[in-house]
Amino acid sequence: IFKSHFFGASVWIPDPDAVWVSSQLLQDYKPGDKHLLLQLSDGNVRQVHYPLGSASDLPPLGNPDILEGENDLTALSFLHEPAVLHNLRVRFLDYNSIYTYCGIVLVAINPYDQLPIYGEEVIDAYSGQDMADMEPHIFSVAEESYRTMTREEQNQSIIISGESGSGKTVSAKFTMRYFAAVGGAAQQTSVEERVLASNPIMESIGNAKTTRNDNSSRFGKYIEIGFGRKGDIIGANMRTYLLEKSRVVFQASAERNYHIFYQLCASRELPEMRSLKLDAPEYFRYTSQGGQMQIPGTDDVSDLERARNAFTVLGVQPDQQMELFRILSAVLHLGNVNIQVSGRTVILFPHQYDRSLAVFSKLLGVEGPQMAHWLCHRRLAIGGEMLVKPMSGQQAMEARDALAKHMYGQLFTWTVQRLNSALHTQRGQVKSFIGVLDIYGFETFDRNSFEQFCINYANEKLQQQFNRHVFHLEQEEYVREELAWNRIEFSDNQQCINLIEGQLGLFDLLDEECRMPKGSDESWVQKLYNQHLTSKRHPHFQKPRMSNSAFIILHFADMVQYECDSFLDKNRDTVFEELINILKASQVDMRFKISNVSAVANGSVRSGKRSTREHKLTVGFQFRQSLQMLMDTLNSTTPHYVRCIKPNDLKEPFMFDPKRTVQQLRACGVLETIRISAAGYPSRWTYEEFFSRYHLLLQGFRSEEQAQVSCRRTLPDLIPDPDQYCFGKTKVFFRAGQVALLERLRAEKLRAAAVIIQSRVRGWLSRIRYSKILWATVTIQRYSRGALARRLAETLRYTKAALMIQKTYRMVVVRQLFLMIRQLLAERAAVLLQARVRGWLARQMYRRVRAAVVFMQCCVRRRAARRELLKLKSEARSVERYRELNKGMEVKLMQLQLRADQEVGDRFQQEFINQALNKASTALREELDEERRKYQGLLREFTRLEQRYDNLREMSLLTEVHNCRPQLCSNSCVADSFDLAMFTLLSVFAPDVRVDSALSLPPGLPASVLFLCVRQADCSGDQTRARSLCSAAVTAMKAALKKHSNDIAMTALWLKNTCVLGDLLTQHSPKQTLDSDELVPLTSDLSDLIRALSDLCIQAYQQLLSITETHLQNIIVPALLESETITGLSGPAAKLGTPRKRAGSEPRTGPGDAAPTMASVLRELGALHTALSHQALPLVLMEQAFRQLTYFISASALNSLLLRKDMCCCSRGMQIRYNVSLLEEWLRGRGLQAGGAAATLEPLIQAVQLLQAGKKTEADAEALVQTCTALSGQQIVKILTLYTPHSDLDERVTLNFIRSVQGLLKGRCDGQPPHLLMDVRRVFPVTFPYLPPAVLHAEQLVIPDSLKISFVRRV
């Protein structure tokens, strides 16, 4: 332990608010240290000093990050309370997962919200799957118990416990719903309906609103669901425990009475309820004490209607239901009976003055004066004489309340008996059963009474059974692995149980005090003090310091103080015999039943003479008896445990209160399971898994075949203490914390190896870099020196050339200067003469040009003036003409503008009309598809009912006609056309025709032959025979489809013939417009038979898909998700903390069975494609069929992927993508991808792309949200939550990344449904194309001679 508390280690320290908070060690712990320096990480990072008294006070260590959010608590390396609490918090708040395994226990946290995880698609996903492969779920526990029952033929029990409001009733309801779904075979029978119908009835009469729960079960129940040899439900039985009858007469603040009373009051305006004289619940004393008349979100009227429908399903007639409601109404009126005290006497008004008493007497049919008398008087036997004594006011009210509780208790018992009689099996002997126990959890309130005492006693017994079962499973594992183990010590609560039920225990002393004439609660509690404190001090019994009327019991979960007030009265549960005799005088049988006292079910009757065996009728005695029977039943079955947790008392959705959660974890036995597991070897690995994970630490052999030898050789060096591990036959076992130690050693070795690799690589890189720099430096120096030398030579060359250029330039300059001076002197006189001559010539030229320019200007101006004059004259003459022309042009322009505006308006209006028409047509098309889907669903339901109830008349008719077939075949000539038609019908459509001969026929031949016979009968004027022939054909086709309900080829054959016959009849219908002169319309109106053929086409199509889906159902997940088409892609690496196989979990395939692959899926699809192609069915119909099948494959695979953590990794995503690509290639090869078949695979493709994509940065999150458009937000988050790295190169998805994706998904409006799983049972409506065949002639038919009907050509 000391070595684990090192610098940087994560530990848990206590906290008054969060119970436990995480912190990090800032220094290593050394033996003898008096404190630890910690850094808290509870939101406010700060350093604290944690005091230590000894080494045993060291804080518990935290688990590695890879185990955060583990779905099985026993897979945690460190098993303790803070680790369990943190793991549950992470799964509940961050992953929205309400279910978590804890070994054999399923921990269920109530989310106080409606979650889409209980639909039929979820049931389909969990059906037939192994418990260890799927995410934790209540359906997984139900499936495990069902599989174990069918495989091992042993009875099972599912024990559901928890506090009020933790979700026990809902869990039990979903469990029964799962059994009804998987145990109902193909067609649901009345037994499954009755089992489910018992829930609303028991909720109405046994559930009530409490301060902790709006629908709290105030009784315990154990439902045994019986199964037959084929695994189908054939019966059920219910046992109830400890109904809280005191709630009938008293409710605490903010609580309600049983739901049934408020439902009756809310339905008082119904015509049949008016005779009950009911009023609002505020009017009745028994329903108004708590002050809560209505539960938000519930409708009492609809709840009563649901309960009445359930009564009808269970066979309770309406008159019996009204009798039941009449008795319940009488109980309400009894509570309003006015009892007044005058001195020492009690005054009860006669029934004609007391309305409540009058209504009570009328409803029950009893004498009002007698009831009024005996409610205020009692009969005593003194000295052999019977005396009548008046009662005090308190005694009279107690007698009234006792009668009300007795009536309700007897009514509850009768209802349970009636349910059991309705659920009793009538279909054979029950082979095995699964029991569902929905019982109250451990309770402790501010004031605890007799009910809490009995409830906690039952939980003590159940906890003892639970501890012993968990201990037994642990020891079984050790024995199976042949470990040398020591006995695990666990806390056995037998002493506490002996204190309650043992000799001179609390129940014995309570029953003894009840037998005493003047027994009281005070004398009973004094006997408890004397027996268990003074005489012999019991370790589980204490006395409160400030009270003499209470006692304390140290239960396994908590210390509870019980107030002894009313213990004796509640234990006796007595009602006076005189009141019972009045009820017996009732004239109605059911009223007599509620007055008939059952010694086992309902307390005792107090009469004048006390019975010697009255103690056997006490509530405590009955409860002990029934509880012992329950324990015997549970011990004879294989138990499965569900522990329901209430996360907060405010009923807020997804709000986690650590204090309340820890309190319930301690009370429900989860921490005890952890303690038992931690006391042994909680971590266990197969040698192959251990080698795959820790082969770096092993020495010697490095091959997987020698994994066990390597483990045995190396572990003693890694873990010096041999008590911390143990070698089994197939596994190596570790005590708590050792896996974390191995993880640290592995990380250190990887870190050391990484440092060495880094140093070698850095040295190599440095040497390479130095060599490159040296070579570069030498090269630069060489080139620099060469450049400098070349520059110097060039400088010298340029210097010499410059000198020569300077010398030559100077010479040229001096020469030119000399020549210039000489030339200037010679030319100066010539230049002066030229200047004078040129000046004179220029002045002469200027004068001539100026005269010419002036003359030209005069001419131009004169010509321009003439033109302007002509223009003005012309304009003066044509002004009026211009005005007329302008006026016509304006009119034309206005007309053109109006026409242009009108055309633009018409164009906009046409576009608007087109858009409206498109929208209307789209809506009508969607509505048509929806109606077609509904109609085809109803047709499918009709087909199921038709298979459920065999049509004996049709079968007898077909048998009779079939017997006549040899006689018809013996006739060589058939004169009558109808006899000829019947002969042809029987020859072609006989259900017992050989399959090979039927498949060898040309496609549509039987339908063509039949149509010719119908046309012949119609042409002869016998419309009745033509109709009879068509009707017989439809019947024969239905019989053939039923006979070949599992044959794809034959179903495709009849689908083809049904379509062809329907098209032929439609083509020749008198209502149809004929396209050719050769077509002769039928005179008979066969539209109803054409509609029947259309329905039969849909039935054949659905049967074809049902056969293929049945073949594919069990191979989709193994082939698409589990098979490794690319060998070695997934690798041998095993995940840390691999979940252990639980009791009864076995692989789906045996050692000799070949696992399904994609070739199996493609083989089934190929069989369907071959059958459809052989019958030449249209491509449009084939595209629709394969679109439905690919959707079924995609939905099944995606649903399983969303529920399996082992499938959510990058390597598995690559494998699944490759398998899907094989399916896509198969569809492309057959030209089926255009009909939407490939589009249905898009959700699965995007899911595997999500597994392979990067999941770290914000850019990755945005890319995922933009890419995965076919997935809903819940599906994306679920995959990210389940993502589990299977190699060291991969990492878990961080919570911050998941939150980023959730934030981006909130702004996405993709129209995806909110459900997590896809609806596997979704059906796309099918549309059959109308393909009118060519004109049919008998001589064109190719009729095989084997049919012996070639004479049909002469018809």
Side-chain angles (χ1 to χ4, degrees), residues 71-72 97-110 115 117-162 166-185 188 191-192 195-196 198-199 221-228 230-238 430-439 634 637-644 1139 1141-1146 1148 1199-1200 1203-1204 1317 1320:
N71 61 5
D72 190 349
S97 298
I98 64 174
Y99 294 111
T100 306
Y101 290 132
C102 180
I104 63 171
V105 181
L106 177 69
V107 181
I109 303 179
N110 191 347
L115 300 181
I117 57 174
Y118 302 104
E120 294 180 352
E121 66 278 2
V122 184
I123 295 178
D124 294 337
Y126 276 91
S127 178
Q129 300 297 322
D130 187 52
M131 188 176 183
D133 293 339
M134 307 297 289
E135 273 287 286
H137 201 284
I138 188 67
F139 290 161
S140 182
V141 176
E143 171 64 21
E144 183 71 12
S145 62
Y146 181 76
R147 291 180 61 197
T148 306
M149 179 199 67
T150 55
R151 182 177 61 248
E152 301 178 2
E153 298 182 357
Q154 292 182 358
N155 298 329
Q156 309 290 310
S157 290
I158 300 179
I159 303 173
I160 304 175
S161 62
S166 59
K168 302 186 300 297
T169 303
V170 176
S171 298
K173 189 187 305 182
F174 284 131
T175 303
M176 295 171 61
R177 177 183 169 192
Y178 185 86
F179 291 141
V182 301
Q188 189 178 19
V191 178
E192 290 83 28
V195 170
L196 295 179
S198 63
N199 288 325
K221 64 176 178 291
Y222 183 70
I223 303 176
E224 293 181 356
I225 304 175
F227 294 85
K230 297 182 180 180
D232 54 333
I233 297 179
I234 61 176
N237 184 64
M238 180 187 299
V430 175
K431 183 180 179 182
S432 53
F433 69 84
I434 298 178
V436 180
L437 177 63
D438 176 11
I439 199 165
L634 295 180
T637 62
T638 301
H640 306 266
Y641 299 95
V642 179
R643 296 295 189 251
C644 299
K1141 296 288 183 181
R1142 296 162 179 82
S1145 296
E1146 291 184 358
R1148 288 182 292 275
N1199 288 349
S1200 182
L1203 297 172
R1204 296 186 59 173
L1317 301 184
V1320 182

Taking 4.0 angstrom as the limit, do D438 and K221 come out as a salt bridge? yes
Taking the side chain as C-beta and beyond, is there a heavy-atom pair between [X] and [Y] under 4.5 Å?
X	Y	result
Y146	S127	no
R1204	M134	yes
N110	C644	no
F139	I117	no
V430	F227	no
Q156	H640	yes
K168	V642	no
Y641	C102	no

[atom2] on [Y] to [atom1] on [X], rounded to 0.5 Å:
X	Y	atom1	atom2	answer
I158	E144	CD1	CD	10.0 Å
L437	I160	CG	CD1	8.0 Å
N155	L634	CG	CG	11.5 Å
N199	K173	CG	NZ	6.0 Å
E143	T148	CD	OG1	9.0 Å
T638	I434	OG1	CD1	10.5 Å

Sorted by chain and residue number, the salt bridge (charged side-chain N to carboxylate O under 4.0 Å, His left out) partners of K230 (sequence neighbours excluded) come out as none
Please find the pair of heavy atoms, one from [X] and one from [Y], that lie closest to each other, and give the distance.
X	Y	answer
A142	Y178	CB-CD2, 3.6 Å
E120	R177	N-NH2, 4.1 Å
S171	I138	O-CG1, 4.0 Å
I159	P639	CD1-CB, 4.2 Å
I123	A181	CG2-CB, 3.9 Å
S161	R643	OG-NH1, 3.0 Å

Could you label the plane-to-plane angle of the Y99 and H137 rings as parallel, tilted or perpendicular, counting under 30° as parallel and over 60° as perpendicular? tilted
Backbone of I225 reached by a side-chain donor or acceptor of N237 within 3.5 Å: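 No, the answer is negative, given that no donor and acceptor are paired below the 3.5 Å cut-off.
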Return the set of residues passing side chain to side chain donor-acceptor pair (under 3.5 Å) with S140 (not counting sequence neighbours), or none when no residue passes. Y101
Residues D130, R147; criterion side chain to side chain contact (heavy atoms under 4.5 Å, CB included); working and verdict: CA-CA 9 Å; D130 187 52; R147 291 180 61 197; 3.6 Å; yes
Could you work out, with side-chain contact (heavy atoms from CB on, under 4.5 Å) as the rule, every residue matching V170, not counting sequence neighbours? F174
Side chain to side chain contact (heavy atoms under 4.5 Å, CB included) between D124 and N1199, intermediate numbers included: CA-CA 9 Å; D124 294 337; N1199 288 349; over 6 Å; no
